[in-house]
Number of protein chains: 2
Amino acid sequence: MDADKVFKALGDPTRRKLLDLLCERNGQTLGELCENLDMARQSATQHIEILVAANLVSTVRRGREKLHFINPVPLHEVYERWVRKFERQRLSLLHDLKRELEGEQE
Amino acid sequence: MDADKVFKALGDPTRRKLLDLLCERNGQTLGELCENLDMARQSATQHIEILVAANLVSTVRRGREKLHFINPVPLHEVYERWVRKFERQRLSLLHDLKRELEGEQE
DNA sequence: TTGACAGGCAGGTAATTACCTGCATATTAT
DNA sequence: ATAATATGCAGGTAATTACCTGCCTGTCAA
């Protein structure tokens with residue numbers, strides 16, 4: 001998993017909307033996705049390329065159409081690496097802050 | 001929660017390293033964090049400002065020092081909104097793909 | 001086989017980003 | 001008080017990003 005590509009892909013509202021659109025109905029064509037995006041087709045293509053590079057979306061050609069499918073695996077890996085780790089210490093944070101303000105070092 | 005700020009903040013290796021450093025030892029000063037970063041102090045400050053704007057880090061002044069603390073809440077919210085949603089349909093994806101390739105629409 | 005449709009390719013621009021250097025301010029220790 | 005220390009502020013540059021327009025290719029249906 002390339003965390004950089006995944007987070008950068010997610011760091012744009014257009015690309016998050018694309019994921020939401022595919023979540024509503026998986027396997028949409030480029031044209032269908034564009035109808036919901038309010039930008040030129042080529043701009044949407046570039047956003048999709050970034051999602052594909054991050055392995056968040058896979059595409060399949062069918063005739064002259066291109067179908068798009070979500071791949072949730074990188075999201076799960078991001079969770080395992082970046083969310084769980086920090087959640088574990090969630091409860092200890094207020095304590096850390098209080099201790100530091102009181103000037104006590106570890 | 002501002003998903004845009006959170007994902008953009010996470011979309012840079014320096015900022016993710018800052019979070020890892022604070023995870024190892026919460027409450028570090030700017031100077032301590034800089035020692036591990038291999039860039040000018042002011043560059044690090046700018047990265048930290050982005051983490052603060054995303055509410056991933058909080059700061060407290062103590063004398064002439066500035067202490068930095070992780071806030072894991074936005075990460076959890078990102079998980080709730082962006083990871084769980086897509087995980088739910090994880091198992092159905094191969095089926096969607098197969099069906100599309102066979103040319104059957106819903 | 002020809003027209004309509006779906007998508008790809010190749011630039012080009014304005015805004016944003018990630019760095020930097022130089023100087024200023026505030027706090028602490030001598 | 002003064003020097004050292006920790007951080008803040010201002011501006012400047014090169015790379016990246018998010019758009020666009022214009023034209024080309026491949027596929028399907030009449």
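Naming: A, B, ... by sequence-line order, numbering from 1 per chain.
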Starting from [atom2] on [N], measure out to [atom1] on [X] and report it in whole angstrom.
| X | N | atom1 | atom2 | answer |
| --- | --- | --- | --- | --- |
| A:Arg62 | C:dA6 | CZ | C1' | 12 Å |
| A:Leu33 | C:dG8 | CG | P | 12 Å |
| A:Ile48 | C:dA6 | CD1 | P | 15 Å |
| A:Glu65 | C:dA4 | CD | P | 19 Å |

Outermost contacting nts on DNA chain D, any atom under 4.0 Å from chain A heavy atoms, listed 5' then 3', are D:dA18 to D:dC28
For A:Arg64, the side-chain contact (heavy atoms from CB on, under 4.5 Å) test, sequence neighbours excluded, returns none
- [ ] Using a strict cut-off of less than 4.0 Å between a Lys/Arg side-chain nitrogen and an Asp/Glu carboxylate oxygen, indicate whether B:Lys8 and A:Asp12 qualify as a salt bridge.
- [x] no
Salt bridge present between B:Lys85 and B:Glu80 (N-O < 4.0 angstrom): no
Pair A:Asp38, A:Lys17 - check salt bridge (charged side-chain N to carboxylate O under 4.0 Å, His left out), show working. CA-CA 12 Å; A:Asp38 195 37; A:Lys17 179 160 190 181; over 6 Å; no
Closest to the 5' end of DNA chain C, once A:Lys8 and A:Gln42 are matched to their nearest nucleotides, is A:Gln42
By nearest-nucleotide position on DNA chain D, the 5'-leaning member of A:Arg64 and A:Arg15 is A:Arg15
Note: for A:Ser43 and B:Lys66 on DNA chain D, the residue whose nearest nucleotide lies more 5' is B:Lys66
Please assess B:Asp20 against B:Arg15 for the test salt bridge (charged side-chain N to carboxylate O under 4.0 Å, His left out), listing each intermediate value before the final yes or no. CA-CA 9 Å; B:Asp20 274 339; B:Arg15 293 193 284 271; over 6 Å; no
Worksheet item: Which of parallel (below 30°), tilted (30 to 60°) and perpendicular (above 60°) describes A:Tyr79 and B:Tyr79?
Response: parallel
